[in-house]
Amino acid sequence: KNTSDTLSMDEFLVDALKGNVILGEPRNLACLAKTWKGDGSSSKACLQEINENEGVLLTEKLKAVDYEYREEVHWTKCQGLLGTGSFGEVYKMEDKQTGFQCAAKKVQVEHFRAEELTTCAGVTHAKVLPLYGAVKEGLWVTIFMKLMEGGSLGQLLKQCGYLPEDRALDYLSQTLEALEYLHAHNVLHGDVKADNVLLSGDRSHAVLCDFGHAAQLHPDGIRNCLTTGDYVPGTETHLAPEIVMGKHCDFKVDVWSSCCMMLHLLNGYHPWTQYYNHPLCLKIAKEPPPLREIPPSCHPSTVQVITSGLEKEPTKRASAAELRMKTCKALKQDLILNSLSQPFSLEEQEQM
Ligand SMILES: CN1C=C[C@@](O)(C#Cc2ccnc(-n3nc(C(N)=O)c4cc(F)ccc43)c2)C1=O
């Protein structure tokens, strides 16, 4: 099908979707989400818009009724706030018909970026948080997603201070798996950090979330400058030098952030913050990479991983795929050396 047919097909789809909530496909949601941009002033919103309810649900576990899916009518928040993402609060919710529970992020339309949905709709990967759908109700967009019982890595860090080297390497490896997949699909995440890595109930599995800063990069590498247009930069302490210098950006910005997250996991505090005051952008641009913040106790293979991911020059920096390989090797090293440092397993020690 040529583009003009596809475009009219999408336009036709959006026309059919406006004002309705349906069970549909990721592509339907992506088309509709592009029409949800705040006009910047809610005063313009006429009465009809304030009452409007439209969207696409991607799972039968969330049931629209007569093409509507409204808060307190068809679904309700349960318990308290789970966390706060980019421009939004995240709650546990329950569908009143099916009893199914998942997570819901509420974003004001004026802060909503269609990329938060267009970049993750249709993405299916074990290390990326599954999207269950999204609806617009008046001046709010609610995004439904899988509930992760283990909470976020940021919350785990607040509880335990910092992580042992092998645990940190394991979470970095899982994060790099997600980035490898996203980058292969031309999606830049834009805000890789511990708060945006969610854990399973037993904390063994990690998934990457929060596409509120994501961007779909042009595969032919048209100069992507992330500091123009409506792009909202991610967390300052994790920003790559090329972003703060307004230079050409590509997927390597996520690799830099993943290693800033690694320093956060190992130290219990964000990089740069122990040595400099805000604004940190100037230091990130001017100073050498924060390699001095790698704990001296780290194995040489772990030092190598972080050094490869914190190369200031993006072309010299490892890709997500390359860094994941290095991380897996470091994990093996760590496990071997660690097992040597514990000659007997715990049950053997108990039998002694
Ligand atoms: C697929 N998809 C759709 C929306 C999305 O852009 C997001 C997000 C986001 C941001 C911050 N925090 C959470 N967050 N989610 C959960 C959960 N699902 O259980 C959660 C649980 C917490 F304890 C704390 C923060 C949490 C989720 C996205 O990625």
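Each ligand, and each atom within it, is numbered from 1 in the order the structure gives. We count residues from 1, following the sequence as given.
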> How far apart are the C-alpha atoms of F144 and F100, what are their side-chain angles, what is the distance that settles it, and do they pass the ring-ring contact (aromatic ring centres under 6.0 Å, His included) test?
Replying inline: CA-CA 12 Å; F144 302 103; F100 177 68; 9.9 Å; no
> Stepwise, does the ring-ring contact (aromatic ring centres under 6.0 Å, His included) test hold for H189 with F211?
Replying inline: CA-CA 6 Å; H189 181 275; F211 288 81; 5.4 Å; yes
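The shortest distance between side-chain heavy atoms of Y275 and K283 does not fall below 4.5 Å.
Listed by number with element, the atoms of ligand 1 under 4.0 Å from a non-hydrogen atom of L147 are 19 (O). Close approach of ligand 1 to M148 (heavy-atom distance below 4.0 Å) involves ligand atoms 17 (C), 18 (N), 19 (O). Ligand 1 places these atoms under 4.0 Å from at least one heavy atom of I143: 3 (C), 4 (C). Residue contact check: E116 has heavy atoms under 4.0 Å from atoms 4 (C), 5 (C), 6 (O), 7 (C) of ligand 1.
Where the criterion is an N or O separation shorter than 3.5 Å, residue side chain and backbone included, S152 fails it with respect to ligand 1. At under 3.5 Å, not a single nitrogen or oxygen of G83, backbone or side chain, sits near a nitrogen or oxygen of ligand 1. Between K105 and ligand 1, not a single N/O pair is under 3.5 Å apart.
Contacts with ligand 1 closer than 4.0 Å are made by side-chain heavy atoms of Q155 only, the backbone lying farther away. Contacts with ligand 1 closer than 4.0 Å are made by heavy atoms of both the backbone and the side chain of C209. Contacts of L198 with ligand 1, taken as heavy-atom pairs under 4.0 Å, involve the side chain alone.
Among the candidates N53, N20, D95, the single residue satisfying the side chain to side chain donor-acceptor pair (under 3.5 Å) test with Y69 is D95.
Using bins of under 30°, 30° to 60° and over 60° for the plane-to-plane angle, the ring pair Y181/H125 lands in the tilted bin.
Under the side-chain hydrogen bond (donor to acceptor under 3.5 Å, both in side chains) criterion, E89 pairs with Y91, not counting sequence neighbours.
Other residues sharing the hydrophobic cluster of L13, ordered by chain and number and joined by side-chain separations under 4.5 Å: none, the residue standing alone.
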